[in-house]
Number of protein chains: 2
Amino acid sequence: MGSPEAERRKQILKAAVEVFAERGFHRTRVSDIAKRAGVAYGLIYHYFESKDAVLSSVFDENWAVFLKVLKEIRDASDKRTGEKLAAIAELLIDALRVTPALIQVIIQEISRSDRFIEAPKIEAFQEAFRVVKEIIAEGQRQGEVEADSDPWVMAYLFFGAVEAVCTGFLLEAIPCRTEEDAARLKRTVTRTVLSGMLTAAGQEKLKPGHVG
Amino acid sequence: MGSPEAERRKQILKAAVEVFAERGFHRTRVSDIAKRAGVAYGLIYHYFESKDAVLSSVFDENWAVFLKVLKEIRDASDKRTGEKLAAIAELLIDALRVTPALIQVIIQEISRSDRFIEAPKIEAFQEAFRVVKEIIAEGQRQGEVEADSDPWVMAYLFFGAVEAVCTGFLLEAIPCRTEEDAARLKRTVTRTVLSGMLTAAGQEKLKPGHVG
DNA sequence: CCCATGATTGACTGACGAGTCAGTCGACGC
DNA sequence: GCGTCGACTGACTCGTCAGTCAATCATGGG
């Protein structure tokens with residue numbers, strides 16, 4: 001369970017994610033976070049430098065985990081390119097169903113928003129894109145991905161498509177409550193996005209359902 | 001050129017788009033807009049109800065134009081599904097090159113951001129998605145688009161992919177300064193995204209370069 | 001039992017910036 | 001010339017938080 005200090009910290013971050021998702025970062029007051037977490041106003045400043053730092057921590061700590069998994073997928077030698085990309089899409093769709101508020105905060109308050117333009121967050125985002133680009137570029141070398149498209153652009157297309165689905169879900173335009181919803185969504189996303197990127201060779205031997 | 005009043009209004013909106021793109025909506029003060037437009041602070045309030053109303057006008061007026069073109073594309077009886085979707089992608093990529101600041105503001109400050117969750121903007125966005133969905137659904141009826149994927153989800157995938165490319169450009173990760181850049185980008189986007197959605201039949205007779 | 005250390009509290013302050021408004025200026029009709 | 005009307009000005013007001021800090025409480029060690 002970690003030290004009681006670490007628990008308090010988590011408790012505050014959890015509350016912050018909730019209220020950020022509900023009202024947006026700018027409209028939530030620090031007092032809202034404190035109220036939701038059941039702690040005094042001032043305590044927030046015992047654990048965090050500023051309101052911005054709270055949002056930053058939400059992002060940094062979760063994005064690091066995401067990046068780690070992303071790199072594991074990239075380096076999995078037993079997976080083909082299509083499977084790797086499908087795994088990423090599935091990872092994100094699962095995350096969406098399990099922790100929608102967190103995904104919403106990351107999408108709405110960080111990837112988007114003026115804050116975006118700020119320094120180290122861009123770098124963190126780019127790193128994820130870079131990993132996807134590397135998977136795609138490797139796939140091109142293996143003849144599994146269309147060779148004459150820019151892997152950077154494809155990486156953006158891939159991420160963007162998945163992100164849009166997340167947004168659609170958050171807007172309640174795309175249902176994804178149940179396992180079945182999620183499975184169907186994964187199938188549509190992987191089939192549509194991947195079959196546009198993979199060559200015929202790249203589509204062989206994929207698990208049924210991934211493409212086709 | 002319109003009445004001098006209308007010109008003043010445009011002048012303020014133009015300045016607003018510029019500073020919103022540079023600093024983000026929340027970080028720009030009304031005085032920044034006034035300074036950039038070369039008018040007095042108070043004049044902003046002669047033409048607009050509030051700072052929010054300025055952003056709202058930026059969106060409303062430009063989105064209406066976009067929607068109009070979108071519907072024309074949908075209703076063009078001389079175009080096949082693939083061509084229609086390609087036309088939309090090309091429209092957006094051109095807009096990106098011609099008015100990057102405007103696109104940035106629409107993406108960052110409206111489609112994203114907490115503001116999003118607010119009332120009539122969602123509806124406006126959904127309307128665009130709906131038009132794309134209608135194009136796709138019609139394509140499915142014609143046998144030009146994969147029949148067993150949800151047209152809504154595909155519409156989101158399509159838009160999201162294009163939007164991500166715009167974001168990549170704004171981040172300077174994807175170059176799109178010259179005509180050649182734009183042409184290459186259009187080709188990659190249409191080829192990748194469309195070939196994932198279209199059936200073999202739907203890919204026949206497309207202009208070379210669109211898919212393939 | 002007492003003190004020290006650090007978590008915890010919440011009333012308070014100070015800055016910032018949206019929106020107001022009393023007044024100026026220039027054009028135009030009479 | 002003179003008055004009116006509306007564009008235009010920018011100093012000021014006023015609410016809203018982010019962030020501070022002095023005081024309190026819980027603990028564990030001596």
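Residue numbers begin at 1 in each chain, while the letters A, B, ... track the order of the sequences.
- For residues 168-180 of chain B, the pairs satisfying salt bridge (Lys or Arg N to Asp or Glu O under 4.0 Å) are B/Arg97-B/Glu179, with sequence neighbours left out.
- As a whole-Å value, the separation of B/Asp52 CG from C/dG17 P is 15 Å.
- One can place CZ of A/Phe48 at 15 Å from C1' of C/dT8, the figure rounded to the nearest angstrom.
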So if I define the base as every atom that isn't primed, P, OP1 or OP2, how would nucleotides 4-18 of chain D read as a B/S/- string at a heavy-atom cutoff under 4.0 Å?
---SSBBB-----SB
Can you give each donor-acceptor pair under 3.5 Å made by side-chain atoms of residues 30-38 of chain A, sequence neighbours left out, with the distance rounded to 0.1 Å?
from	atom 1	to	atom 2	distance (Å)
A/Asp32	OD2	A/Arg29	N	2.9
A/Asp32	OD2	A/Arg29	NE	3.3
A/Arg36	NH1	A/Glu18	OE1	2.8
A/Arg36	NH1	A/Glu22	OE2	3.2
A/Arg36	NH2	A/Glu22	OE1	2.9
A/Arg36	NH2	A/Glu22	OE2	3.2

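- In this structure, B/Lys133 is not positioned above the aromatic face of B/Tyr156 in the sense of NZ or CZ being under 6.0 Å from the six-membered ring centre and within 45° of the axis.
- The side chain to side chain contact (heavy atoms under 4.5 Å, CB included) check on A/Ala40 picks up nothing, with sequence neighbours excluded.
- The CD atom of A/Glu7 sits 15 Å away from the C1' atom of C/dA7 (whole-angstrom rounding).
- Scored by the salt bridge (charged side-chain N to carboxylate O under 4.0 Å, His left out) test, B/Glu61 finds B/Arg9 as partners (sequence neighbours excluded).
- Between A/Ile33 atom CD1 and D/dG19 atom P the separation is 10 Å, expressed in whole Å.
- Under the side chain to side chain contact (heavy atoms under 4.5 Å, CB included) criterion, A/Ala183 pairs with no residue, sequence neighbours left out.
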